[in-house]
Amino acid sequence: MAGGSTLNSFQIAQQQLDKAAAALGLDPQVTAVLREPARTFILNFPVRMDDGSIRVFRGYRVQYNDARGPAKGGLRFHQDETLDDVKALAAWMTWKCAVVDIPLGGGKGGIQVDPSTLSEREKERLCRGWIDQMWKNIGPRTDVPAPDVGTTPQMMGWMMDEYCKRVGEYTPGVITGKLVGGGGSLGRTAATGFGVVVNIREALKVLKIDPKKSTVAIQGFGNVAQYVARRFVELLDGKVLCVSCWDRGDKKAYTFTKDTGVDAKFLQSITDQYGTVDKTKAKAAGYVLEDADAWLSKPATIVVPAALGNAITAENVGKIQSTVKVLAEGANGPTVPEAEAALLKRGITFIPDFLCNSGGVTCSYFEQVQNDMNFYWTEDEVNKRLDEKMSTAFHAVYEMSQKKNVDMRIAAYMVAIERVASAMRMRGWV
Ligand code: GLU
């Protein structure tokens, strides 16, 4: 069950869809198609470990809906990965691509594994093993994976290579989030965090809050959180009060706070590839280490949960201070419904996950376009297009929420569902 909620993450995703479908007055037959994934793959496959032994890994791929284009979405490597989580994430990818209006459907996949327990060569064999299972069912015109929690641009490179060998031709568009120079796009690494900050910028505009006087408390210090922290200062000139980071050694998270504001670029320089910050170096640079939940009770203008799902629960939601005006969901599914209801009552503006963190997949789409043309853009060009897409999406959702008098999450669903439903109608599916 999800963070004290009685529902699992897929049931939460279905409940959100039902609410928005009702608000839209959607034909129940269309809702029925949208409530379940189109195709689900469950894989169990052997990988040879460095010591010569064989280990069986469980993997998934869910192609949720491809009415608007090929299924699109990341691969998550996490020890607690469940099929319900992957289904929820695949549904959210469908709404994410639709809300930001890129011609792609939704999918998600993963492997039940803690990648930090594997050597580089074991990780490579695991990635190639996943492609060995799935290559016939993915492709640039069918289903396009990408990185997510626990996966990296290097892993995408191995996967692309394995796919190309199977099909016998260079096909970089089969997977996105690759290394620059290996088919990747400039700007992709920072894209999700950049997109979160563009959303925050637009939200502050409509709420008439000066970004320069605003502060943010961030949960997480993985790829998304790192670039939220950096771009919040670089683009908005705001102050980052804290970030929270998982410590692999201690198996717990800490909140890193600094009075003068967090310098995310510095913290990145002392963080390993799995997001663990060197505590000694951080302390020497003036950071105070507080407990895992301390980020929630900071007197910030904006809070950004940018780690895993179910971070804000019925139990801890009361810690959020009255200074908080915006909750920007960098992670997928970070707020359980009970906590969301309490925060909406307090008048907090949500930037819902699949709108807020859609910068990554939008840049993935640009990467595919560049792969197809075999012509690569400058970073400025990528960021300019990304900014345009994200701002347009934010305002489409904001207008819907004003027009229909619904909260931002329901409004985002309404915008997305209308687009997916109309593509299904045009194709004669419903
Ligand atoms: N994993 C990212 C997400 O959840 C990116 C997906 C992609 O680029 O396809 O949005």
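Sequence positions, counted from 1, serve as the residue numbers for this chain. Atoms within a ligand are numbered from 1 in the order they appear, just like the ligands themselves. Because only heavy atoms are used, hydrogens play no part in the values below, and waters and symmetry mates are left out as well, while side chains stay in.
Residue contact check for ligand 1: Pro147 places a non-hydrogen atom closer than 4.0 Å to it. Not a single heavy atom of Glu367 sits closer than 4.0 Å to an atom of ligand 1.
Taking any N or O of Lys72, backbone or side chain, at least one lies under 3.5 Å from an N or O belonging to ligand 1.
Taking the charged nitrogens against the carboxylate oxygens, Lys252 and Asp291 have no contact shorter than 4.0 Å, which rules out a salt bridge. Salt-bridge check for Lys108 with Asp85: failed, with every basic side-chain N at 4.0 Å or more from each acidic carboxylate O. Between Glu388 and Arg385, no side-chain nitrogen of the basic residue sits less than 4.0 Å from a carboxylate oxygen of the acidic one, so the salt-bridge criterion is not met.
Below 4.0 Å from some heavy atom of Asn332 lie the following atoms of ligand 1, by number and element: 4 (O). Listed by number with element, the atoms of ligand 1 under 4.0 angstrom from any heavy atom of Lys108 are 1 (N), 3 (C), 4 (O). Interface atoms of ligand 1 facing Gly74, defined by a heavy-atom separation under 4.0 Å, are 1 (N), 6 (C). Residue Lys96 approaches ligand 1 through these ligand atoms, each under 4.0 Å from one of its heavy atoms: 3 (C), 4 (O), 10 (O). Close approach to Met93 involves these atoms of ligand 1, each under 4.0 Å from a residue heavy atom: 3 (C), 4 (O), 6 (C), 10 (O). Under a 4.0 Å criterion applied to the non-hydrogen atoms of Val361, ligand 1 contributes the atoms 7 (C), 8 (O), 9 (O). Near Gly73, with a cut-off below 4.0 Å to any heavy atom, the atoms of ligand 1 are 9 (O).
The single protein non-hydrogen atom nearest to atom 8 (O) of ligand 1 is Ser364 OG, 2.5 Å, given as residue, atom name and distance.
In the candidate list Ala146, Gly360, Ser358, Ala146 is nearest to atom 7 (C) of ligand 1, counting heavy atoms.
Counting non-hydrogen atoms of other residues, nucleotides and ligands closer than 6.0 Å to NZ of Lys265 gives a total of 12 or fewer. Crowding of Lys19 atom NZ: a count of heavy atoms from other residues, nucleotides or ligands under 6.0 Å not exceeding 12.
In this structure, Phe45 has its ring center at least 6.0 angstrom away from the ring center of Trp130. Aromatic ring centres of Phe221 and Phe256 lie farther apart than the 6.0 Å criterion allows.
In this structure, the side-chain contact (heavy atoms from CB on, under 4.5 Å) partners of Thr171, at least two apart in sequence or on a different chain, are Pro140, Tyr163, Cys164, Val167, Glu169.
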